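Whatever order the structure lists them in is the order used to number ligands and atoms, beginning at 1. Atoms considered below: every heavy atom in the structure, side chains included; atoms not considered: hydrogens, waters and symmetry mates. Treat the numbers as computed from the prediction; the structure is a model and nothing was measured.
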Amino acid sequence: MTIRLSSSLSHAFRPNIDAMAGYVPGEQPKPGTHILKLNTNENPYPPSPAAIAILRNIDGESLRRYPDPYANEFRQATSEALGVPADWIIVGNGSDDVLNVVIRACADLERRVVYPMPTYVLYRTLTELQPAETVEIPYGEDYRLPIAELIAANGAVTFIASPNSPSGHGVPIADLRQLAAGVSGILVIDEAYVDFAEETALPLVTEFENVIVSRTLSKGYSLAGLRLGFGVANPKLLSGLFKVKDSYNIDAIACAVGAAAMRDQAYKNECAEKVKASRAKLAIDLKQLGCRIWDSQTNFLLAQPPGSAEQIYLGLKEWGILVRYFKQPGLEDKLRITIGTDAQNQMLLEALLHLV
Ligand SMILES: *Cc1c(COP(=O)(O)O)cnc(C)c1O
């Protein structure tokens with residue numbers, strides 16, 4: 001089908017929308033195709049059986065009503081799992097939604113958004129949409145956080161993904177504390193990968209009124225398709241964010257299934273331990289193939305292969321294996337590889353043997 005834009009639509013969009021590229025999500029193969037997907041950091045293990053049992057028992061009649069705008073059942077389960085009060089939690093349609101709500105509440109043309117590079121590309125997309133100005137500050141050698149530069153950039157919002165993507169490194173809590181104390185705006189600590197990490201910055205939300213920690217059920221809890229994430233911050237900060245978020249951003253199914261997943265921390269931790277063990281093994285095997293590997297606190301590895309990363313990415317695709325390749329300064333020679341099961345990682349290694 002071809003879509004013809006009539007000339008009357010030439011001024012339909014705001015200038016920032018015309019100028020921006022739009023976020024490019026990782027490829028999602030059609031259902032039924034036999035592809036090994038190691039490109040968007042999904043969990044290779046299924047969601048908690050307790051969560052799936054709740055899903056099977058959803059009463060269709062209950063969907064006639066609008067869902068709870070605060071997702072209190074989910075907030076209560078999360079409160080108990082994390083040991084934070086329920087009214088310190090804001091729920092989002094994926095944690096992307098929480099990040100978007102922060103930008104909509106806090107940034108505009110006079111109030112800029114600051115983050116180190118490379119990091120999660122969506123921070124730029126959401127800021128361009130607002131629109132607001134972005135200040136991108138390069139990470140130092142070995143991904144040391146450029147604290148002084150980040151503070152000097154004076155963001156209304158500063159984003160730090162920790163652990164970071166695509167580098168995989170965790171930012172030391174002492175560095176985050178220094179940043180939280182130094183910035184005058186909001187500090188968002190994006191903990192999408194915390195379930196695979198050794199530490200969390202969550203205690204900073206009680207130390208600093210300007211800190212919000214965001215989490216997701218997409219990675220550690222194997223529920224990327226459910227679209228559920230949340231932020232933790234003091235209620236004063238959340239009160240502004242509640243004005244901005246859609247009233248019904250969390251559907252009733254996500255609320256109930258997500259609550260069951262949060263109550264089953266043991267299952268989530270068991271899967272995360274398996275992923276971490278596979279990560280250690282895969283790192284050794286990739287090094288043996290001649291790749292440079294960075295220490296990872298996530299469910300992926302950043303690998304610098306010998307030879308062209310782009311050619312290897314394309315070669316793997318022909319083998320039916322998707323990994324993530326970013327054609328971006330500093331990343332053109334690297335691949336981001338999601339940790340699969342040991343059997344899946346073995347398939348990757350066999351394919352790589354033919355390609356590197
Ligand atoms: C995956 C990811 C997210 C998005 O999570 P959703 O809850 O699925 O929206 C946020 N931040 C980072 C750094 C991620 O890698």
Side-chain angles (χ1 to χ4, degrees), residues 23-28 37-44 47 51 71 74 78 89-104 113 115-127 129 136 139 143 145 157-171 176 187-197 200-202 212-232 241 245-246 249-251 254-255 257-258 261-262 268 272 275 279 294 296-302 322-324 326 328 331 335-339:
Y23 185 72
V24 183
E27 296 152 83
Q28 296 293 351
K37 248 189 115 287
L38 303 177
N39 65 335
T40 53
N41 301 339
E42 288 133 341
N43 200 308
F74 176 78
T78 303
I89 298 168
I90 184 169
V91 182
N93 188 359
S95 61
D96 289 350
D97 184 29
V98 177
L99 308 178
N100 188 28
V101 165
V102 173
I103 290 184
R104 283 170 64 198
V113 174
Y115 46 86
M117 284 288 278
T119 192
Y120 189 34
V121 178
L122 192 74
Y123 306 148
R124 179 192 290 166
T125 308
L126 295 175
T127 307
L129 274 170
E136 302 182 336
Y139 261 110
Y143 297 109
L145 193 70
V157 182
T158 304
F159 283 105
I160 306 290
S162 181
N164 188 47
S165 174
S167 60
H169 78 280
V171 178
L176 292 172
L187 174 60
V188 181
I189 304 173
D190 178 348
E191 290 197 331
Y193 297 102
V194 76
D195 303 300
F196 312 100
T200 170
L202 201 53
I212 178 165
V213 169
S214 69
R215 298 270 186 103
T216 178
L217 277 77
S218 298
K219 315 273 166 58
Y221 296 83
S222 313
L223 288 168
L226 195 66
R227 308 308 301 133
L228 188 56
F230 59 95
V232 183
L241 304 185
K245 94 166 182 68
D246 290 346
N249 59 337
I250 305 307
D251 65 73
C255 181
V257 175
M262 285 313 282
K268 183 265 290 177
V275 168
R279 179 178 75 197
W294 281 261
S296 171
Q297 296 277 305
T298 65
N299 66 338
F300 60 83
L301 289 169
L302 187 66
L322 287 181
V323 299
R324 196 78 192 260
F326 299 93
Q328 251 182 60
L331 296 173
L335 300 170
R336 194 192 68 185
I337 302 170
T338 304
I339 310 297

Checklist entry - Which bit of D96 is near ligand 1, meaning a heavy atom under 4.0 Å away: side chain, backbone, both or neither? => result both
Next on the checklist: So, regarding Y123 and ligand 1 (criterion: nitrogen or oxygen to nitrogen or oxygen, under 3.5 Å), is there a contact or not?
Outcome noted: no
Checklist entry - What's the shortest distance from atom 15 (O) of ligand 1 to any protein heavy atom, and which residue and atom give it? => result Y193 OH, 2.6 Å
Next on the checklist: Checking a contact table here: which protein heavy atom is nearest atom 14 (C) of ligand 1, and how many Å away?
Outcome noted: K219 NZ, 3.1 Å
Next on the checklist: Taking distance alone, with N or O pairs closer than 3.5 Å, would you say S95 contacts ligand 1?
Outcome noted: yes
Checklist outcome for this item: Within 4.0 Å of some non-hydrogen atom of T216, the atoms of ligand 1 are 5 (O), 6 (P), 7 (O), 8 (O)
Checklist outcome for this item: Closest non-hydrogen atoms of I339 and L301, given as atom of the first, atom of the second and distance, are CD1-CG, 3.8 Å
Item to check | Distance from atom 8 (O) of ligand 1 to nearest protein heavy atom, with residue and atom | outcome: S218 OG, 2.6 Å
Checklist entry - Parallel, tilted or perpendicular for H169 and Y143, by the 30°/60° rule? => result parallel
Checklist entry - Would a 4.5 Å heavy-atom cut-off, applied to side chains only, mark L228 and V91 as touching? => result yes
Checklist entry - Among D190, T200, T78, which residue meets the side-chain hydrogen bond (donor to acceptor under 3.5 Å, both in side chains) test with R215? => result T200
Item to check | Under 4.0 Å to a heavy atom of R227 - the qualifying atoms of ligand 1, by number | outcome: 6 (P), 8 (O), 9 (O)
Checklist entry - Does the ring center of Y193 lie less than 6.0 Å from the ring center of F196? => result no
Next on the checklist: I'd like to check which ligand 1 atoms, numbered from 1 as shown, lie under 4.0 Å from a non-hydrogen atom of A192.
Outcome noted: 2 (C), 3 (C), 10 (C), 11 (N), 12 (C), 14 (C)
Next on the checklist: Distance check, rounded to the nearest 0.5 Å: K268 atom NZ versus L223 atom CG?
Outcome noted: 12.0 Å
Next on the checklist: Among all protein heavy atoms in this structure, tell me which lies nearest to atom 11 (N) of ligand 1, with the distance rounded to 0.1 Å.
Outcome noted: D190 OD2, 2.6 Å
Item to check | N or O contact, Y120 vs ligand 1, cut-off under 3.5 Å | outcome: no
Checklist entry - Are R336 and F300 in a cation-pi contact, defined as NZ or CZ under 6.0 Å from the six-membered ring centre and within 45° of the axis? => result yes
